[in-house]
Amino acid sequence: MAIASPSAPGFSASFCCSRTESTPSVRFQTIPFHRTRLPTRPLIITSRLNSSRPSNGFVSPDNGDLQHELQHGVSPQHRRKGLPVFVTLPLDAVNSSGQMRRRKAMAQSFRALVEAAVEGVVMEVWWGLVERDAPRIYNWQGYLEIVSLARMCGLKVRAVLAFHQCGTGPGDPFWISLPQWVLEEMVKDPDLAHSDRFGRRNMEYISLGCDILPVLRGRSPIQAYADFMRNFRDTFRPFLGGIITGIQVGMGPAGELRYPSCPSQKLTWAWRSRELGEFQCYDKYMLASLNACAQEIGMREWANGGPIGAGNLMQNPENTEFFRSDGSWNTPYGEFFLDWYSGLLLLHGERMCREAETIFRGTEVNTSGKVAGIHWHYGTQSHPSELTAGYYNTSIRDGYLQIARMFGRYGFTMCCTCFEMQDAAEQQMNPGSSPEGFLRQLLLAARVCGIPLEGENYAASLDDESLQQVLKMSKLYSDGLETPSFSFNFNRMDKNLFEYRNWVSFTRFVRQMSDASNIFRAKLDFGGGMSSTSAAVNVGAVLAY
């Protein structure tokens with residue numbers, strides 16, 4: 001195990017190794033961050049709703065609704081001003097066979113969203129469903145149906161390319177594993193999964209230590225992700241830029257650029273249990289990278305694993321040797337380890353951004369990446385739960401500015417969560433928590449780097465207080481910018497959204513985000529001239545997500 005040494009020499013974050021990726025290597029480096037960045041691609045909102053040509057051979061079920069919508073002024077070009085709102089679809093919008101579920105209910109809910117002046121929907125595209133059975137055999141059918149339905153209804157689509165596991169296991173109704181052929185390779189080589197110091201494997205996402213190694217039947221994970229993105233581009237090309245206006249590239253568990261320091265299913269309540277998380281650096285590929293970097297600076301004793309004294313998952317950080325205020329996180333050893341650990345995460349993000357920027361160049365879609373909202377130890381000196389997730393962010397070091405710069409270099413938007421959370425409420429349960437402090441730091445990094453921002457709520461809170469907090473934090477980013485580029489993804493659509501009281505709150509929220517007094521002027525014909533609220537109640541009655 002690694003131990004801290006007060007007499008250790010200084011070092012630079014760029015101590016490890018060659019950037020050349022033409023051959024597999026266990027030598028990694030933290031890529032230097034340049035101050036210049038590529039210009040971001042604008043979010044194109046042109047519409048091809050009135051086109052009669054079929055897209056990609058898929059026939060849109062247009063029964064005259066489009067003409068009715070355009071006649072009544074509901075087209076996306078006219079229905080919104082200000083900050084657009086998107087709604088994330090249910091996790092099981094596409095079933096395990098690759099089919100869209102409950103088409104009639106989905107169509108009716110889409111029309112209700114149009115009526116509420118929602119800009120579009122967020123569609124999670126699962127690697128484990130599309131490329132489930134064999135390498136390079138893709139089934140996009142259910143997602144093509146969703147995009148075509150959105151096109152018919154006048155909604156935009158943001159696609160989230162999800163390269164991670166969903167749910168807790170086969171008994172979970174929302175269970176989606178990694179592709180079966182990938183799981184077969186992980187059975188042969190368990191070190192393809194991240195591991196903590198206790199030997200517990202996490203199957204949510206392939207270990208970053210083997211990013212460029214041919215461990216997936218001759219392909220590296222990065223190559224497999226790139227092939228998936230390329231096939232998505234080719235399949236959905238007729239929709240790109242017009243209907244599909246955004247693509248979020250998954251970069252880790254829950255689609256977030258982070259390590260699985262705490263299982264995603266536990267993160268729902270992690271801030272209340274104050275979990276520290278565990279460093280995910282004990283598979284053979286991560287250890288090989290750590291060993292190479294330690295030997296590079298002549299400190300072999302630092303090459304055997306993560307820090308000693310990191311404590312247990314729910315231990316008070318002040319009772320741990322590594323995370324306490326004067327702990328070894330702020331020693332030469334701590335700086336070395338955290339630079340390497342966070343640097344490998346940044347290198348993974350760099351690789352994913354580079355592949356996506358190349359693949360989607362010229363398609364006029366906005367690409368984005370997501371940062372996790374890990375706030376429950378934000379008020380401490382060491383920020384332990386952020387460190388174990390791979391964010392080298394402490395009271396004396398800004399760990400998010402590097403991520404924002406990386407996104408900026410590739411024209412990426414940054415997506416982040418926690419917009420509905422308030423310090424006053426969270427600190428009643430955990431005095432060290434500060435979702436607002438975390439979010440302010442992230443918003444400042446985005447503004448400094450001049451990158452667009454996508455906000456998101458952590459939990460599906462529909463009370464007015466939570467929605468007003470979203471408005472407050474949204475304005476914190478967008479106010480004062482000549483051309484603010486902010487949008488919000490509401491997480492997520494289910495039958496509760498369409499209940500009367502929730503729907504009233506939600507539509508009011510969309511109106512306030514849009515900052516337009518006439519967005520409810522248009523009325524769709526739901527069979528008898530129903531109001532928006534009546535239509536939503538009907539949707540809620542038939543949805544069974």
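A quick note: this is a predicted structure, and the numbers were derived from the prediction, not measured.
The structure places CG of Asn202 at 9.5 Å from OG of Ser195, a figure rounded to the nearest 0.5 Å.
Nearest heavy-atom pair, Arg258 versus Pro260, reported as atom, atom and distance to 0.1 Å: NH1-CA, 3.8 Å. Here the closest non-hydrogen pair linking Phe412 and Ala356 is CZ-CB, 3.8 Å. The two residues Glu131 and Pro179 come nearest to each other via the heavy atoms O-CB, 3.3 Å. Nearest heavy atoms, Phe323 versus Ala310: CE1-O, 3.2 Å. Closest approach of Tyr138 to Trp140, counting heavy atoms only: CB-NE1, 3.4 Å. Residue Pro221 comes nearest to Cys210 through the heavy atom pair CD-O, 3.1 Å, listed as atom of the first residue, atom of the second, then distance.
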Could you walk me through whether Glu426 and Trp376 pass the side-chain contact (heavy atoms from CB on, under 4.5 Å) test, one step at a time? CA-CA 9 Å; Glu426 299 306 322; Trp376 44 96; over 6 Å; no

Decide yes or no on side-chain contact (heavy atoms from CB on, under 4.5 Å) for Arg324 and Asn319, but give the supporting numbers first. CA-CA 6 Å; Arg324 68 190 184 199; Asn319 296 332; over 6 Å; no

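Around atom CD of Gln99, more than 12 heavy atoms belonging to other residues, nucleotides or ligands sit under 6.0 Å away.
With sequence neighbours excluded, the residues that form a side-chain contact (heavy atoms from CB on, under 4.5 Å) with Ile176 are Trp126, Leu129, Cys166. In terms of the salt bridge (charged side-chain N to carboxylate O under 4.0 Å, His left out) criterion, residue partners of Arg230 (sequence neighbours excluded) are, by chain and number, Asp227. Residues meeting the side-chain contact (heavy atoms from CB on, under 4.5 Å) test with Ser461, sequence neighbours left out: Glu420, Ala459, Asp463, Ser466. Annotation: ring pair (Phe, Tyr, Trp, His ring centres under 6.0 Å) contacts of Phe490 (sequence neighbours excluded): Phe506. Listed by chain and residue number, Ser177, Leu178, Gln180, Met186, Met203 satisfy the side-chain contact (heavy atoms from CB on, under 4.5 Å) test with Leu183 (two or more places apart in sequence, or in another chain). When the salt bridge (charged side-chain N to carboxylate O under 4.0 Å, His left out) test is applied to Glu386, no partner is found at least two apart in sequence or on another chain. Every ring pair (Phe, Tyr, Trp, His ring centres under 6.0 Å) that Phe488 has, sequence neighbours left out, goes to Phe509. For Glu436, the salt bridge (charged side-chain N to carboxylate O under 4.0 Å, His left out) partners are Arg440, Lys472, not counting sequence neighbours. In this structure Trp329 satisfies the ring pair (Phe, Tyr, Trp, His ring centres under 6.0 Å) test with no other residue, sequence neighbours excluded. Annotation: ring pair (Phe, Tyr, Trp, His ring centres under 6.0 Å) contacts of Phe419 (sequence neighbours excluded): Phe486. The side-chain contact (heavy atoms from CB on, under 4.5 Å) check on Arg492 picks up Thr88, Leu91, Glu124, with sequence neighbours excluded.
Annotation: side chain of Asp92 is not in contact with side chain of Pro173 (no heavy-atom distance under 4.5 Å).
Contacts classified as salt bridge (charged side-chain N to carboxylate O under 4.0 Å, His left out) and involving residues 171-182 (residues at least two apart or in different chains) are not found.
Lys188 has a carboxylate O that lies under 4.0 Å from a charged side-chain N of Glu185, or vice versa, which qualifies the two as a salt bridge. Salt-bridge annotation for Arg217 and Glu184: present, with a side-chain N of the basic residue lying under 4.0 Å from a carboxylate O of the acidic one.
No side-chain donor-acceptor contact under 3.5 Å links His383 to the backbone of His377. The closest donor-acceptor contact from the side chain of Thr388 to the backbone of Leu276 lies under 3.5 Å.
Asp189 and Tyr285 are linked by a side-chain donor-acceptor pair at a separation below 3.5 angstrom, with hydrogens and angles left out of the test.
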